[in-house]
Amino acid sequence: MKSIYDIQQFLKQYGTIIYIGDRIADLELMESELKDLYQAQLIEPKEYSTALLLLRHEIRFLKEKEEKDR
């Protein structure tokens, strides 16, 4: 996985489509879904950690951007 899009496609394989309309909330919900899949041992630790890093990086970037725009 190299992008948020890749994570979305990965989750779609498990029947999970996430769209709330708030980008940060979408990313946080994706993180929660990945955690559930990992705890159910449906995904490999490497997949989980890579996806988690991407999501957390994007969340941090968007929150910093929001702060800057205020």
Side-chain angles (χ1 to χ4, degrees):
M1 285 181 258
K2 296 181 181 180
S3 68
I4 301 301
Y5 178 77
D6 291 341
I7 296 170
Q8 289 172 320
Q9 296 308 305
F10 180 76
L11 289 173
K12 197 186 290 186
Q13 293 174 359
Y14 293 94
T16 302
I17 298 173
I18 297 172
Y19 180 76
I20 296 174
D22 176 359
R23 182 71 170 160
I24 294 174
D26 288 345
L27 296 170
E28 290 171 344
L29 190 52
M30 283 185 230
E31 186 176 326
S32 175
E33 288 295 322
L34 282 168
K35 182 179 180 183
D36 291 344
L37 289 171
Y38 178 70
Q39 288 177 342
Q41 297 180 348
L42 295 172
I43 60 175
E44 296 295 320
K46 185 177 180 185
E47 290 175 314
Y48 176 66
S49 61
T50 302
L52 210 57
L53 282 171
L54 284 167
L55 287 170
R56 289 183 178 169
H57 179 266
E58 185 71 12
I59 290 168
R60 187 174 60 246
F61 172 77
L62 291 172
K63 285 183 178 180
E64 287 173 1
K65 184 178 176 189
E66 272 185 5
E67 289 294 319
K68 196 183 281 187
D69 290 344
R70 287 186 192 178

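Using a 4.0 Å cut-off between charged nitrogen and carboxylate oxygen, E64 and R70 do not count as a salt-bridge pair.
Sorted by first and then second residue, the salt bridge (charged side-chain N to carboxylate O under 4.0 Å, His left out) pairs involving residues 9-24 (not counting sequence neighbours) form an empty list.
The side-chain contact (heavy atoms from CB on, under 4.5 Å) check on Y5 picks up S3, Q8, Q9, with sequence neighbours excluded.
Atom CG of residue D26 and atom CD of residue E58 lie 11.0 Å apart, to the nearest 0.5 angstrom.
No side-chain heavy atom of L27 sits under 4.5 Å from any side-chain heavy atom of I7.
Linking Ile, Leu, Val, Met, Phe, Trp and Tyr residues whenever their side-chain heavy atoms come within less than 4.5 Å places F61 and I4 in a single cluster.
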Distance-only check: which donor-acceptor pairs under 3.5 Å involve side-chain atoms of residues 29-55, not counting sequence neighbours?
unit_1 : atom_1 : unit_2 : atom_2 : d
E31    : OE2    : R56    : NE     : 3.2
E31    : OE2    : R56    : NH2    : 3.1
E47    : OE1    : E44    : N      : 3.1
S49    : OG     : P45    : O      : 3.2
S49    : OG     : K46    : O      : 3.1
T50    : OG1    : K46    : O      : 2.8

